[in-house]
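Both counts, for ligands and for their atoms, begin at 1 and track the order of listing.
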Amino acid sequence: MISLSPSSFLNKTGVPGCSTHLSLRRPRTITPPSSLRVFSALGSNRDPNGSVLIETTATSSSSLETSAADIVPKSTVSGGVQDVYGEDAATEDMPITPWSLSVASGYTLLRDPHHNKGLAFSHRERDAHYLRGLLPPTVISQDLQVKKMMHTLRQYQVPLQRYMAMMDLQETNERLFYKLLIDHVEELLPVVYTPTVGEACQKYGSIFLRPQGLFISLKEKGKIHEVLRNWPEKNIQVIVVTDGERILGLGDLGCQGMGIPVGKLSLYTALGGVRPSACLPVTIDVGTNNEKLLNDEFYIGLRQRRATGEEYSELMHEFMTAVKQNYGEKVVIQFEDFANHNAFDLLAKYGTTHLVFNDDIQGTASVVLAGLIAALRFVGGSLSNHRFLFLGAGEAGTGIAELIALEISKKSHIPLEEARKNIWLVDSKGLIVSSRKESIQHFKKPWAHDHEPIRELVDAVKAIKPTVLIGTSGAGQTFTQDVVETMAELNEKPIILALSNPTSQSECTAEEAYKWSQGRAIFASGSPFAPVEYEGKTFVPGQANNAYIFPGFGLGLIMSGTIRVHDDMLLAASEALAEQLMEEHYEKGMIYPPFRNIRKISARIAAKVAAKAYELGLATRLPQPTELEQCAESSMYSPSYRSYR
Ligand SMILES: O=C([O-])CC(=O)C(=O)O
Ligand SMILES: [Mg+2]
């Protein structure tokens with residue numbers, strides 16, 4: 001048996017100016033001859049050090065012909081971090097080897113989602129890879145496959161059917177899935193993401209065909225390190241993890257929350273260019289308190305009430321430790337849709353030892369801050385001249401409030417406590433005021449200002465007179481006509497953000513916001529709303545969703561090898577996003593750029609985040625590349641098919 005490390009045919013000496021990867025000129029023969037069988041070590045052809053293990057029979061290693069002359073730097077910018085197989089570093093016209101448990105061929109190749117191309121296999125590839133007869137005779141291009149798939153998707157009237165068709169595609173032809181998502185991002189985002197992913201999680205038990213991601217339940221306690229090694233990929237760069245307790249604004253969906261990490265990670269690839277094999281979705285199953293699910297015969301998770309306290313912390317700690325042990329210090333761990341009581345604690349506990357990012361606290365904050373910075377163009381002044389009122393004082397509410405305060409404090413050179421004074425929060429018991437300080441959770445305490453208690457939101461609006469109203473309570477239809485009209489009486493251009501997801505939980509609809517404010521509101525929501533016609537004018541509502549931020553943010557962390565998240569990186573991401581608004585967008589009243597340019601936007605965010613990481617001394621990928629944005633763009637995964645030798 002010989003061990004052929006990918007590095008033996010990928011020279012990784014580093015190119016000045018960007019990443020540590022070189023492009024390959026077509027190597028003469030690097031495919032293992034058929035008498036070599038690449039076999040699985042630990043469920044993969046890659047050993048823990050990233051080597052490819054090859055068992056030889058008759059043929060010796062000398063038949064693997066490659067020469068240093070074949071390996072030449074093609075450009076100064078190239079593949080992604082840990083791209084040990086050169087998949088990203090190779091340009092699209094270069095053939096690559098479809099590594100699998102074995103060199104995939106024939107039926108296995110067709111069933112391998114990472115390498116399957118369906119009818120797009122050329123006749124030459126069909127001959128070379130034993131595909132003759134396994135496919136009908138037609139050969140079509142990937143573009144035609146995209147067209148055909150879009151046509152099929154559009155036939156489905158029910159959003160969930162579209163979701164299932166997309167999941168099916170992801171499981172059968174991964175590149176086509178991402179090509180579709182990237183080329184039709186505005187149309188497909190609502191299918192694979194909010195709002196449809198919410199419904200998918202609710203019905204996950206019934207629509208579940210193949211498991212996606214890694215399920216870690218209490219039954220895996222003591223074995224999490226092993227469980228992680230069962231995952232077929234070893235070079236993980238991003239993990240999105242949930243415990244399913246607060247899925248969007250839909251509450252506890254237990255193990256069925258898996259739809260969220262899967263959906264978020266498909267955006268990491270489509271919007272942020274992190275390659276799919278580097279993404280790991282995880283659901284921690286400690287039970288559910290959702291009675292309906294506990295009594296549902298199709299429920300897929302543990303049938304018990306949620307473990308709490310030490311039992312919960314121990315499982316989480318074992319997971320966090322095993323992640324670091326398996327993947328090292330530079331893997332991004334994105335916490336998603338944990339309930340408030342755990343979300344803040346986990347972020348505080350692991351923020352100093354791991355590269356953790358809570359999307360609901362930090363990602364949402366960063367995207368909202370970006371929208372507010374952009375909105376200043378319409379309302380004038382600086383953030384410190386505005387008054388903010390939140391409905392909802394959980395992760396998103398307090399996370400946004402804190403980031404706004406931080407930005408004000410930095411820009412106006414005033415203490416953070418001072419900056420917080422213009423920010424007010426309402427929770428289920430009314431306005432958060434100092435007389436409630438003893439009885440409220442710790443994350444609400446900084447917002448308990450001096451004021452008489454107020455129970456109703458509309459009365460709080462009248463008393464506080466906010467210029468900006470932000471909904472993060474997870475409860476729909478709470479920005480009533482009264483509330484919006486009061487905002488419109490107080491402000492020439494009221495800023496109203498209805499952030500709860502999915503659409504059913506939105507605090508108000510776009511149409512209501514424009515109608516009740518006589519077309520004066522600057523409105524954005526967490527889930528998408530179609531443009532609204534009001535008195536002959538078209539209003540384009542923004543989508544203030546963390547999907548604008550986390551893919552680029554994560555890419556920035558990965559490309560710089562950052563080891564800790566810092567608040568200044570969130571501010572940098574917000575500023576980068578706000579800078580993407582062009583005159584043409586402002587003319588349409590938009591405070592977020594269209595999603596259609598999201599890859600470019602993500603690259604800019606990544607570059608700004610990475611630059612901040614270098615400035616703070618938290619980046620480990622040295623030396624710092626000179627052209628960070630170019631570096632980000634060039635390291636992005638491309639879903640175009642590769643030709644197989
Ligand atoms: O998933 C989304 O659309 C945004 C988000 O993080 C949440 O609502 O929890
Ligand atoms: Mg979330």
Quick one: table the atom pairs, ligand 1 N or O against protein N or O, below 3.5 Å, distance rounded to 0.1 Å.
{"residue": "ligand 1", "atom": "1 (O)", "partner": "Tyr193", "partner atom": "OH", "Å": "3.4"}
{"residue": "ligand 1", "atom": "1 (O)", "partner": "Lys264", "partner atom": "NZ", "Å": "3.1"}
{"residue": "ligand 1", "atom": "3 (O)", "partner": "Tyr193", "partner atom": "OH", "Å": "3.3"}
{"residue": "ligand 1", "atom": "3 (O)", "partner": "Asn501", "partner atom": "ND2", "Å": "3.4"}
{"residue": "ligand 1", "atom": "3 (O)", "partner": "Asn545", "partner atom": "ND2", "Å": "2.8"}
{"residue": "ligand 1", "atom": "6 (O)", "partner": "Lys264", "partner atom": "NZ", "Å": "3.1"}
{"residue": "ligand 1", "atom": "6 (O)", "partner": "Glu336", "partner atom": "OE2", "Å": "3.0"}
{"residue": "ligand 1", "atom": "6 (O)", "partner": "Asp360", "partner atom": "OD1", "Å": "3.0"}
{"residue": "ligand 1", "atom": "6 (O)", "partner": "Asn546", "partner atom": "ND2", "Å": "2.9"}
{"residue": "ligand 1", "atom": "8 (O)", "partner": "Asn501", "partner atom": "ND2", "Å": "2.8"}
{"residue": "ligand 1", "atom": "9 (O)", "partner": "Arg246", "partner atom": "NH2", "Å": "2.6"}
{"residue": "ligand 1", "atom": "9 (O)", "partner": "Asp337", "partner atom": "OD1", "Å": "2.9"}
{"residue": "ligand 1", "atom": "9 (O)", "partner": "Asp360", "partner atom": "OD1", "Å": "2.9"}

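- Legend: residues meeting ring-ring contact (aromatic ring centres under 6.0 Å, His included) with Phe357, ordered by chain and number and at least two apart, are Phe553.
- Although no hydrogens or angles enter the test, the distance criterion places a donor-acceptor pair under 3.5 Å between the side chain of Ser635 and the main chain of Ala632.
- Near the Mg ion (ligand 2), less than 2.8 Å away, sit the protein N, O or S atoms Glu336 OE2, Asp337 OD1, Asp360 OD1.
- The backbone N or O of Ile224 lies less than 3.5 Å from a partner atom in the side chain of Glu318, making a donor-acceptor pair.
- Judged as a side chain to side chain donor-acceptor pair (under 3.5 Å), the pairs with a partner in residues 344-353 (not counting sequence neighbours) are, in order, His317-Tyr350.
- Using a 4.5 Å heavy-atom cutoff, the side chains of Leu618 and Met569 are in contact.
- Exactly one residue among Arg596, Arg154, Arg162 makes a side chain to side chain donor-acceptor pair (under 3.5 Å) with Glu187. That residue is Arg154.
- A salt bridge is defined here as a Lys NZ or Arg NE, NH1 or NH2 lying under 4.0 Å from an Asp or Glu carboxylate O, and Glu575 with Arg604 fails to meet this definition.
- Proximity of Tyr592 to Gln580: side-chain heavy atoms (C-beta onward) are nowhere separated by under 4.5 Å.
- The number of heavy atoms from other shown groups lying within 6.0 Å of CD (Gln304) is above 12.
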